[in-house]
Amino acid sequence: MIMKTHAPKGTYDLLPENASRWRYLENQIHKIFREYGFGEVRTPIFEHTELFQRGIGETTDIVEKEMFTFSDRGDRSITLRPEGTASVVRAFIEHNLAGPGAMAKLYYLGPMFRCEAPQAGRFRQFVQFGAETLGSNDPRVDAEIIALAVNFYRRLGIDDLDINLNSIGCPQCRPAYRQRLLEHLKPRAAQMCPNCQRRLERNPLRLLDCKNTTCQQLTVDIPLITETLCDDCGSHFEKLRQLLDSTGINYRINPRLVRGFDYYTKTVFEILAGDLGAQNALCGGGRYDGLVEMCGGKPTPGIGFAAGMERLMMVLEARQLLPEIDDRPHLYLAPLGEEAQQIIFPLCIRLRESGWIVETDLQGKSLKAQMKVADKLGARLTGVIGEDEYRAGKILMRNMETGEQELIDLAALDEYLEKVLRRR
RNA sequence: GUGGGCGUAGCUCAGCUGGUUAGAGUGCCAGGUUGUGGCCCUGGAGGUCGUGGGUUCGAUCCCCAUCGCUCACCCCA
């Protein structure tokens, strides 16, 4: 039996260099959610399978074939979460956050799991962040969520966002639209791609965003959902558009935008970035006024979005929008010999405790080799203690940039560091 | 699930129509001053050529299978 020495398909290791970039992004995420008044929730990474079956929809691709599902020892069916909304809604119901007139603004950030074929920007374990606003059907809530997402990407320097907006109606008006759509499309079924033929009965709305060119041509003259919304949905959509206009967000109405989960009502949106390749959606979301009730809570309107971290990272990398993160040591301490090591080890620990980034040799390397390491690490200063310095109670400080050296009293080291360095 | 591309050193890749001990760059280690980095020079370590089979006097190279990675379809963040 040979150990497998590679991470499972569709997973990856984040190594120190990249992990610090992730930390930067995570900080930006926490920051904007705080500013917009969202509180963080951390739900379990696995849930009862039933939650996703009911929440996301039995007939969605995710539930049908992409979930990591297994039985625990008590023979309960457990599933690694494939998305975040269902868990947040579950927690919202479980902790009774839906008091009369109460609203909850929640966000999450963490790994999700879907067992699909990995490719660029798509993994089996991937990180999503997202937000959910529960308890208000006011279009201002929709606009707030969209503005938050848009401004987040803008802040990071992505300024050519393609913001797609649509309304897919509600249980009042969608069935009628669905019917009209069927009437138009059924006679043309023979010309459709096999996929769309299958979808025709089950979810005809999905035909609208088929990428097959002949399918697209078949639907050029179909009635648009935005023209058949009921009064409630229509005015909701109209108000949302006014609100977005008032905040200077330049979206575009895309009547073909439909989404993969069953729970959406009214508003749906997607934010795309051009240079992402096939997986070009940075985030997507929408309103789900029936979901809380479907999951066993009191009827509560809600809206949210989910965003992919890996994809965002790809865009930021490609456009060089990630800041240089300076983790270089302020000081490298180079001991020569046993006695110097005994001085330097506690010194190193003490200086770190006062806020300096300090590195030292732990292998007993030669001075030459230690200088090399200090250089490679990018240390600003290197402090050498050999036999001479040890006897004299001194330390030889070398400026790695200029090469200048000066011998100072060990007792005056703190003062010296304060003078020539600045903490990061 | 379907289709394309690719598996040679830690990393990025050469390896001409199959021919001796498989190479380069980079990284790593050591040396070129007795206690001093970057540039330069020298040396060294490191490879079951993804795996298994086949063809052949002989396979990293050709054929088959298999595994892995990757891109795309589908779907999605």
Side-chain angles (χ1 to χ4, degrees), chain A residues 2 4-12 15 17 56 59-66 81-85 108-130 149 153 193-196 198-199 203 206 209-212 215 258-261 269-273 276-286 304-315 332 334-337 340 363 365-390 396-405 407:
Chain A
I2 296 167
K4 289 186 191 298
T5 51
H6 59 268
K9 192 185 188 73
T11 67
Y12 57 90
L15 302 176
E17 189 190 355
I56 301 170
T59 62
T60 56
D61 276 17
I62 290 183
V63 171
E64 273 185 343
K65 50 193 186 196
E66 295 174 1
R81 62 182 185 192
E83 57 106 46
T85 300
Y108 59 86
L109 164 66
M112 308 291 164
F113 306 83
R114 290 181 203 170
C115 192
E116 41 185 347
Q119 56 188 278
R122 181 174 171 173
F123 301 88
R124 288 185 169 185
Q125 174 174 336
F126 56 100
V127 176
Q128 279 191 345
F129 61 95
Y153 294 119
C193 70
N195 242 315
C196 283
R198 250 191 315 113
R199 289 193 288 210
N203 194 350
R206 294 225 58 112
D209 71 347
C210 182
K211 282 150 199 150
N212 184 307
C215 291
V258 290
R259 296 187 47 77
F261 299 163
F269 68 97
E270 240 173 50
I271 301 177
L272 276 45
L276 266 180
Q279 274 67 43
N280 62 351
L282 276 175
C283 78
F305 78 92
M309 281 283 273
E310 287 84 358
R311 288 175 191 191
L312 175 54
M313 214 62 189
M314 282 168 68
V315 172
Y332 184 92
L336 289 172
Q363 297 170 293
K365 283 179 189 281
S366 69
L367 180 60
K368 187 187 172 84
Q370 294 195 58
M371 291 299 292
K372 226 172 199 169
V373 171
D375 180 55
K376 192 140 295 167
L377 292 172
R380 300 261 290 105
L381 298 172
T382 297
V384 180
I385 299 182
E387 218 173 304
D388 299 347
E389 292 84 0
Y390 173 75
L396 183 68
M397 298 302 294
R398 178 180 178 89
N399 181 320
M400 296 300 279
E401 207 174 318
T402 64
E404 287 165 23
Q405 304 194 154
L407 198 58

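Heavy atoms only: backbone and side chains are in, while hydrogens, waters and symmetry mates are out. The sequence lines fix the lettering, A, B, ..., with proteins before strands; numbering per chain opens at 1. Here the structure is a predicted model, which means the values were calculated and not measured.
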Query raised in the report: With a non-hydrogen cut-off below 4.0 angstrom, is A:E389 in contact with a base, only sugar-phosphate, or nothing?
Result: base
Report task. Could you check whether A:G285 gets within reach of a base, just the sugar-phosphate, or nothing at all, counting any heavy atom under 4.0 Å? Result -> nothing
Query - Integer angstrom distance from the C1' of B:rC6 to that of B:rU51 - result: 16 Å
Report summary line: Closest to the side chain of A:A117, out of B:rG1, B:rA77, B:rU36, is B:rG1
Requested in this report: Under a 3.5 Å limit for both distances, which nucleotide forms a Watson-Crick or G-U wobble pair with B:rU26, could you say?
Outcome: B:rG10
Report task. Take the angle between the ring planes of A:F129 and A:F305 and call it parallel below 30°, perpendicular above 60°, tilted in between. Result -> perpendicular
Query raised in the report: Touch check for A:A334, heavy atoms < 4.0 angstrom, all strands: base, sugar-phosphate only, or nothing?
Result: nothing
Query raised in the report: On a whole-Å scale, what distance lies between the P atoms belonging to B:rC71 and B:rC49?
Result: 27 Å
Query - Phosphate OP1/OP2 of B:rC28 contacted by A:K376 side-chain N/O (<4.0 Å) - result: yes
Query raised in the report: If the C1' atom of B:rG7 is compared with that of B:rA45, how far apart are they to the nearest Å?
Result: 25 Å
**Report entry** Between B:rG58 and B:rG18 - P atom distance, rounded Å
**Finding:** 15 Å
**Report entry** 5'-most by nearest nucleotide on RNA chain B - A:G284 or A:P8
**Finding:** A:P8
Query raised in the report: Taking A:E83 for the side chain and A:M112 for the main chain, is one N or O donor matched with an acceptor at less than 3.5 Å?
Result: no
Query raised in the report: How far, in whole Å, is B:rG23 from B:rU8 if one measures between their C1' atoms?
Result: 10 Å
Report task. Report yes if at least one side-chain N or O of A:K9 is closer than 4.0 Å to OP1 or OP2 of B:rC69; otherwise report no. Result -> yes
Query raised in the report: If the P atom of B:rU17 is compared with that of B:rG4, how far apart are they to the nearest Å?
Result: 24 Å
Report task. May I ask you to say what A:L396 touches in the nucleic acid, namely base, sugar-phosphate or nothing, with a heavy-atom cut-off under 4.0 Å? Result -> base
Query raised in the report: If you look at every strand shown and take non-hydrogen atoms under 4.0 Å, does A:V384 touch a base, only sugar-phosphate, or nothing?
Result: base
Query raised in the report: NA contact type, A:A306, heavy-atom cut-off 4.0 Å: base, sugar-phosphate, or nothing?
Result: sugar-phosphate
Report task. Check whether any side-chain heavy atom of A:C283 sits under 4.5 Å from a side-chain heavy atom of A:Q128, and report yes or no. Result -> no
Query raised in the report: If you look at every strand shown and take non-hydrogen atoms under 4.0 Å, does A:Q405 touch a base, only sugar-phosphate, or nothing?
Result: base
Report task. Search all heavy atoms of A:Y12 against all heavy atoms of A:V127 and return the closest pair with its distance. Result -> OH-CG2, 4.4 Å
Report task. Taking A:R311 for its side chain and A:G121 for its backbone only, find out whether a donor-acceptor pair lies under 3.5 Å. Result -> yes
Query raised in the report: How is A:G403 classified with respect to the nucleic acid when contacts are heavy atoms under 4.0 Å: base, sugar-phosphate, or nothing?
Result: base
Query raised in the report: Base, sugar-phosphate, or nothing for A:F305, non-hydrogen atoms under 4.0 angstrom?
Result: nothing
**Report entry** Phosphate contact (B:rA77 OP1 or OP2) by A:R259 side-chain N/O below 4.0 Å
**Finding:** yes
Query raised in the report: Where the side chain of A:A120 is concerned, which of B:rC76, B:rC71, B:rC29 is the nearest nucleotide?
Result: B:rC71
**Report entry** Donor-acceptor pair, side chain of A:R124 and main chain of A:E116, under 3.5 angstrom
**Finding:** yes
Report summary line: Against the side chain of A:A369, the closest entry in B:rG37, B:rA77, B:rA30 is B:rA30
Query raised in the report: B:rU33 phosphate, OP1 or OP2: any side-chain N/O from A:K368 under 4.0 angstrom?
Result: no
Report task. Answer with base, sugar-phosphate or nothing: what part of the nucleic acid does A:E116 contact at a heavy-atom distance below 4.0 Å? Result -> base
Query raised in the report: Any donor-acceptor pair under 3.5 Å joining the side chain of A:Q370 to the base of B:rG35?
Result: no
Query raised in the report: With sugar-phosphate meaning primed atoms plus P, OP1 and OP2, does A:F123 contact a base, only sugar-phosphate, or nothing at under 4.0 Å between heavy atoms?
Result: base
Query raised in the report: If we call it a pair only when both distances are under 3.5 Å in a Watson-Crick or G-U wobble match, what pairs with B:rG1?
Result: B:rC73
**Report entry** Distance-only donor-acceptor test (3.5 Å): side chain A:R122, base B:rC71
**Finding:** no
Query - CD/A:E387: more than 12 non-hydrogen atoms of other groups inside 6.0 Å - result: no
Query raised in the report: When rounded to the nearest Å, what value does the distance between P atoms of B:rA14 and B:rG25 take?
Result: 16 Å
Requested in this report: Please check the phosphate of B:rA72 (OP1 and OP2 only) for any side-chain N or O of A:Q119 closer than 4.0 Å.
Outcome: yes
Query - P-based separation of B:rC16 from B:rC63 [nearest Å] - result: 14 Å
